[in-house]
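None of these values were measured; they are calculated from a predicted model. Order of the sequence lines fixes the chain letters, A, B, ..., with proteins taken first and strands second; residue numbering starts at 1 for each chain.
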2 protein chains.
Amino acid sequence: MKYDFTMDQLCPATYAFQVIGGKWNLPILAILSENECIRYNELKRRLTGITGTALTNCLKELIDYGIVHREQYNEVPPRVEYSLTQSGKELVPLIESMVAWGQKNIVTR
Amino acid sequence: MKYDFTMDQLCPATYAFQVIGGKWNLPILAILSENECIRYNELKRRLTGITGTALTNCLKELIDYGIVHREQYNEVPPRVEYSLTQSGKELVPLIESMVAWGQKNIVTR
DNA sequence: ATACTAAGTATATAAAAGTATACTAATGGA
DNA sequence: TCCATTAGTATACTTTTATATACTTAGTAT
């Protein structure tokens with residue numbers, strides 16, 4: 001391994017895991033990767049079991065990480081659309097190799 | 001994205017993130033990837049800040065996932081050596097692409 | 001007037017993950 | 001005899017992460 005991330009607090013791999021980790025981040029990224037853009041409540045409906053609080057927090061985090069873009073239209077009732085940014089889109093093939101590894105190596109305990 | 005991991009409890013990508021997630025799993029994999037095999041206390045010394053309890057738990061988990069192999073020699077004082085299994089080794093290039101993504105896309109908040 | 005909508009916020013609570021501390025075994029060395 | 005060593009276990013505790021519930025805003029439809 002070329003990069004030593006053992007001791008480094010700002011290690012890029014740890015960072016990537018922070019971005020995609022957590023209970024809902026990966027499912028959110030999956031849905032966003034399949035839609036050019038999607039509204040808050042539609043996202044919530046597809047993420048069976050998520051609460052509004054959780055969805056809001058996750059989206060905020062992903063926006064702060066520069067993975068997700070938020071577009072707000074000042075209408076009533078409000079319309080807010082979420083989409084992947086460029087760096088979010090670059091994460092997708094990476095997640096796909098995770099899927100491939102998982103499919104090959106999963107161990108049911 | 002070809003695989004739908006939104007609703008699936010046993011989704012391969014979620015599984016992969018479980019395996020590498022947690023505070024110490026990634027640093028442990030990094031050290032193991034750089035050593036053919038390594039003893040418990042040497043691993044502990046290199047993982048600055050980890051407690052024995054935490055290291056033991058993580059190693060157990062990684063062994064259960066089939067990522068790490070444990071070889072015990074019945075000597076006194078005891079000697080136990082840890083190494084990556086084949087599926088652990090297959091995880092390394094994947095982590096390396098995480099590093100690459102992180103280096104390119106990291107956002108300091 | 002009242003109810004309904006979307007996209008949240010605020011607050012409290014529960015569950016999960018991680019940490020600290022003390023303890024164990026068998027042997028070798030001072 | 002007493003201390004050090006390795007690779008842990010057992011227990012209690014703290015911190016972090018996730019959830020449940022009630023409330024908000026402004027306009028539109030009944």
Report task. Go through DNA chain C in 5' to 3' direction and return only the first and the last nucleotide with some atom under 4.0 Å of chain A's heavy atoms. Result ->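 So the outermost contacting nucleotides come out as C:dT5 to C:dA10.
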Would one find a side-chain N or O of [X] under 4.0 angstrom from OP1 or OP2 of [N]?
X: B:Tyr40; N: D:dT5; result: no
X: B:Arg39; N: D:dA7; result: yes
X: A:Trp24; N: D:dT19; result: yes

Query raised in the report: Do B:Arg70 and B:Glu81 sit within salt-bridge range, that is, some charged N less than 4.0 Å from a carboxylate O?
Result: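 Looking at B:Arg70 and B:Glu81, the cut-off is not met.
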Whole Å only: how far is the [atom1] atom of [X] from the [atom2] atom of [N]?
X: B:Lys44; N: D:dG8; atom1: NZ; atom2: C1'; result: 11 Å
X: A:Lys23; N: D:dT16; atom1: NZ; atom2: C1'; result: 15 Å
X: B:Leu43; N: D:dA7; atom1: CG; atom2: P; result: 10 Å
X: B:Lys60; N: D:dT9; atom1: NZ; atom2: C1'; result: 8 Å

**Report entry** Contact residues, residues 50-58 of chain A to DNA chain C [heavy atom, < 4.0 Å]
**Finding:**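 Going residue by residue through residues 50-58 of chain A, the ones with a heavy atom under 4.0 Å of DNA chain C turn out to be A:Thr53, A:Thr56.
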Query raised in the report: Are A:Val80 and A:Val76 linked, directly or through other ILVMFWY residues, by side chains that come within less than 4.5 angstrom of each other?
Result: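 No, no single cluster joins them.
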Taking [X] for its side chain and [Y] for its backbone only, find out whether a donor-acceptor pair lies under 3.5 Å.
X: A:Tyr15; Y: B:Gln103; value: no
X: A:Asn25; Y: A:Val19; value: yes
X: A:Ser33; Y: A:Val92; value: no

**Report entry** Which residues share a side-chain hydrogen bond (donor to acceptor under 3.5 Å, both in side chains) with B:Glu36, sequence neighbours left out
**Finding:**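 Once residues adjacent in sequence are excluded, B:Glu36 has no partner under the side-chain hydrogen bond (donor to acceptor under 3.5 Å, both in side chains) criterion.
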Query raised in the report: Excluding sequence neighbours, so at least two apart, what forms side-chain hydrogen bond (donor to acceptor under 3.5 Å, both in side chains) with A:Thr56?
Result: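 Result, side-chain hydrogen bond (donor to acceptor under 3.5 Å, both in side chains) vs A:Thr56: A:Tyr40.
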Report task. Give none if D:dT30 has no partner; otherwise give the nucleotide forming a Watson-Crick or G-U wobble pair with it, both distances under 3.5 Å. Result ->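 The base-pairing partner of D:dT30, which may sit in any strand shown, is C:dA1.
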Requested in this report: Supply the atom-to-atom distance B:Thr85 OG1 to A:Asn105 CG, rounded to the nearest 0.5 angstrom.
Outcome: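 So the gap between those two atoms works out to 8.0 Å.
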**Report entry** Criterion side chain to side chain donor-acceptor pair (under 3.5 Å) on A:Tyr65 and A:Gln18, from CA distance to verdict
**Finding:** CA-CA 10 Å; A:Tyr65 281 130; A:Gln18 236 171 272; 2.9 Å; yes
**Report entry** Sequence-distant partners of A:Glu42, side chain to side chain contact (heavy atoms under 4.5 Å, CB included), two or more places apart
**Finding:**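 A:Glu42 satisfies side chain to side chain contact (heavy atoms under 4.5 Å, CB included) with A:Ile38, A:Arg45, A:Arg46 once adjacent residues are dropped.
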Query raised in the report: B:Ser87 and A:Trp101: which non-hydrogen atoms are nearest, and at how many Å?
Result: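 Distance-wise, the nearest heavy atoms are O-NE1, 3.1 Å.
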Report task. Could you list by number each residue of residues 67-76 of chain A showing a heavy-atom separation from DNA chain D of less than 4.0 Å, or answer none if no residue does? Result ->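 The stretch gives A:Val76 as the residues lying under 4.0 Å from the strand, ordered by number.
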